[in-house]
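Report on the following structure.
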Amino acid sequence: MSLLEVKDLDVRFAVRGGDLTALRGISFSLDKGERLGLVGESGAGKSVAAFSILNLIARPGYIAAGQILFEGKDLAAMSERELRKIRGNRIAMIFQDPMMTLNPVLTIGTQMVEALKAHRRISTRAARDIALNKLRKVQIPSPEKRLDQYPHELSGGMRQRVIIAIALLLDPEIIIADEPTTALDVTIQAEIMALLLELCEQDNVALMLITHDLGVVSQVTQRMLVMYSGRIIEQGPTREIINDAQHPYTQGLINALPQMGEPGERLFQIPGSMPSLKNVPTGCPFHPRCGFATDQCKRRMPEYVRSGNVDVACYEVSNLIEQEKCMQEVES
Amino acid sequence: MTSQSSTLVDIRGLEKRFDLSGGLLEQISFKGGRFHRKQEAVHAINGVDLQVQKGEALCVVGESGCGKSTVARTVMGLLSPSAGEIHYDGQRIDHLDGKEVLPYRRKMQMIFQNPYASLNPRMTIQQTLEEPIRFHQPDASEPQIRDKVQDVMESVGIDPDWGSRFGHEFSGGQRQRIAIARALAVDPEFIVADEPISALDVSIQAQVLNLLMEAQESRNLTYLFITHDLAVVEHFGTRVAVMYLGRVCELADTRTLFSTPRHPYTQALLSAIPKLEDDRPNHIRLQGEVPTPVQLPSGCVFHGRCPYADDRCRQEIPQLIATDGGAQVACHAVEEGRL
């Protein structure tokens, strides 16, 4: 059994003039100690997917259908009280902006002790010891001093280290990290990503990493999902997808990177932009931007087909697979 | 660069400080029976010399706080330098007053990072694009202006029929196209682009980069391109200047810089880009973080994080020195052959 299994998740936002579907038929699983990347451009629904796991989507958003099974129990059906026992404790989250996550009027120590006491019966002194330990773990210089400092006294990189220490505080099984390094500079970003990877490996913590940076996904994760307009369009082993992407969107995303083009030559570009939730095209949501689109793509969303170890939702890919099968039959 | 290339923009000994200490009364304090006057400033640029050659794309890279955007703004005249000079096509322009600088303003245009903030929300796209033409070419007739607007809209891939729409009706990529169209509307020679694609999604970044390259080719533009994204630089730049704490630490042809980075900071910066072929992070680990530009470190600004720093680096400021590879590097270790 997987540690976390999301089945056919639909998330909608109730707005004037009817519901907007932000996620449609999202299914994936996460094993113990596994590192999974969620990739997509802004508006693809990757953050909504991450937030909905802990039922953190704010009104008017709601989970319309599907299950989120954590160790066999459905988080989507749990009461707020039960969920609180899991949030921050068994499943921790790291957000993009460390300044928004830390309380500016409380010292780092107070915030860490507070988090520990919310989940464990523990003395303040013991909680401070654990906090200090975790701060050492994230390699903050002079951790004793940091406990009594306020967030504004720390640099951006240091703040994100504190956030990681807080996420690790209760030894969670899963860490969900939503663009944890986007707000940071390149060299600091590399440090933080390497740290997060090391810590997850050390303690066998599963990591769900949401990012738009394919390079980071390649360095850190073992499996990845590619999202487009609220759907997963491709998922499988990271290396396999990066080296040989199947879906035309994933291919486009990789080929559009400046490092894939010859210096000075035109870059590959995907025409148009991602549709807004208000007018998602019929059928495959990518068809208006896709070079392979046929009438079939405009009518119905394609089912997932398996190519190698990768699941892809694309008619073009499934047709190719069919053709190959036929060829093999003819040959034999 | 060929020998016939000539300098379009010449930045000489540029310095820019932002005063933090407020008015005179705020600066004065009474301590130990005496009055003290304390002045503090952010040292954003500390002596930058750069020559932008005609037709090239000179990229300035660095992390936040290195002064790259301040360089862009000072060149454009949006900020006045604390010291140093800016020359455009042989003419000094940094000390000119509003009227005298006008002819240069038409030749120099700027594209900003955030297309959500740089377009006036109360103006239609037509008005946004007409404004610079009316301002810089007061003699232009109405049909001429309309034709011009239609031309630039077509050249950036925006349907001219959308002219009556407002900025908020467009996506981020389209808005950045409009911002580019506005810069191109007065037929500039020189464009300063400050992080023009950082706010955009990956697939849109490629579209806008392609557009900027096409414009460079068809209009023979010169770019000063500010960015933190080295992958973009490798693709787009003719030459690269790497900045750290208000100083240029390395200046080289793009190919030279990426194949043989010499300065320890450039090496660390390049190694920190996550690459598709990496299975694990494999960056050069630097000590600590960028110091504050309020109290600049003595000597080489990078010495606190540099694994090769010695006593000389802590005391003496390194100057840009040409190396055999064709790059200019400001590093004592490189100069002494230690690195």
Side-chain angles (χ1 to χ4, degrees), chain A residues 39-44 141 154-158 181 183-198 211-220 222 238-239 242-243 249 252-274 276 289, chain B residues 57 61-66 157 170-174 197 199-211 213-214 217 228-238 254-255 258 265 268-290 292 305:
Chain A
V39 183
E41 296 178 283
S42 41
L154 307 181
S155 68
M158 205 109 81
T181 58
L184 305 173
D185 274 321
V186 204
T187 54
I188 309 297
Q189 183 178 339
E191 295 282 329
I192 297 287
M193 227 49 247
L195 175 74
L196 194 57
L197 173 61
E198 258 165 45
T211 176
H212 64 277
D213 190 331
L214 286 161
V216 170
V217 168
S218 166
Q219 283 184 336
V220 175
Q222 296 146 330
T238 304
R239 191 64 16 222
I242 297 276
N243 289 348
Y249 174 65
L253 214 51
I254 292 174
N255 290 331
L257 294 177
Q259 63 182 96
M260 299 306 283
E262 280 295 307
E265 295 293 312
R266 253 182 93 80
L267 286 170
F268 178 84
Q269 65 180 54
I270 308 175
S273 54
M274 178 139 36
S276 84
R289 303 174 73 189
Chain B
V61 293
E63 296 180 281
S64 44
C66 75
F170 294 89
S171 69
Q174 286 170 327
I197 62 167
L200 308 173
D201 268 319
V202 184
S203 72
I204 311 299
Q205 284 190 349
Q207 295 176 3
V208 172
L209 260 190
N210 281 342
L211 177 62
M213 290 196 295
E214 276 160 26
E217 203 157 299
H228 67 277
D229 188 340
L230 285 149
V232 171
V233 173
E234 184 172 18
H235 189 80
F236 186 82
T238 319
T254 307
R255 199 168 295 167
F258 279 83
Y265 178 64
L269 203 57
L270 285 182
S271 77
I273 321 173
K275 290 174 206 72
L276 282 183
E277 55 273 17
D278 293 347
D279 285 326
R280 293 196 67 84
N282 52 1
H283 60 283
I284 298 171
R285 299 214 156 176
L286 289 179
Q287 307 253 313
E289 295 184 24
V290 187
T292 146
R305 303 174 76 194

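Within every chain, numbering begins at 1; the chains are lettered A, B, ... in the order of the sequence lines, protein sequences first and strands thereafter.
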[X] portion near chain B, given a 4.5 angstrom heavy-atom threshold:
X: A:Met274; result: neither
X: A:Gln222; result: neither
X: A:Ile188; result: both
X: A:Tyr249; result: neither
X: A:Leu197; result: side chain
X: A:Pro141; result: neither

### Query
Taking atom NE2 of A:His212 and atom CD of B:Gln205, what is their separation to the nearest 0.5 Å?
7.5 Å

### Task
Measure the OG-CG distance between B:Ser203 and A:Leu257 for me, rounded to the nearest 0.5 Å.
10.5 Å

What option among [options] has the most heavy-atom pairs under 4.5 Å with chain A?
options: B:Arg255, B:Glu217, B:Glu214; result: B:Glu214
options: B:Ala268, B:Ala272, B:Ala206, B:Pro281; result: B:Pro281
options: B:Arg285, B:Glu234, B:His228, B:Gln174; result: B:Arg285
options: B:Leu276, B:Asp229, B:Leu209; result: B:Leu276

What part of [X] gets within 4.5 angstrom of chain A, counting heavy atoms only: side chain, backbone, both, or neither?
X: B:Ser171; value: side chain
X: B:Asn282; value: both
X: B:Glu277; value: both
X: B:Ile204; value: both

Identify the heavy atoms of [X] and [Y] that sit nearest to each other, and give their distance.
X: B:Asp201; Y: A:Glu41; result: CB-OE2, 3.1 Å
X: A:Glu191; Y: B:Leu286; result: OE2-N, 3.5 Å
X: B:Glu63; Y: A:Thr187; result: OE2-OG1, 2.5 Å
X: A:Leu267; Y: B:Met213; result: N-CE, 4.5 Å
X: B:Gln207; Y: A:Arg289; result: NE2-NH2, 4.5 Å

### Query
So which of A:Gly261, A:Ser276, A:Gly215 has the biggest tally of heavy-atom pairs under 4.5 Å with chain B?
A:Gly215

### Task
Name the member of A:Gly264, A:Gly252, A:Gly43, A:Ala256 that forms the most heavy-atom pairs with chain B at distances under 4.5 Å.
A:Gly264

### Query
Got a donor-acceptor contact below 3.5 angstrom from the B:His235 side chain to the A:Arg266 backbone?
no

#### Entry: B:Asp278 versus A:Ser218, side-chain donor and acceptor atoms under 3.5 Å
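Judged by distance alone, the side chains do not pair up.
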
### Query
Out of A:Thr211, A:Leu214, A:Val216, which one pairs with B:Pro274 under the side chain to side chain contact (heavy atoms under 4.5 Å, CB included) rule?
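For B:Pro274, the side chain to side chain contact (heavy atoms under 4.5 Å, CB included) test succeeds with only one of A:Thr211, A:Leu214, A:Val216, which is A:Val216.
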
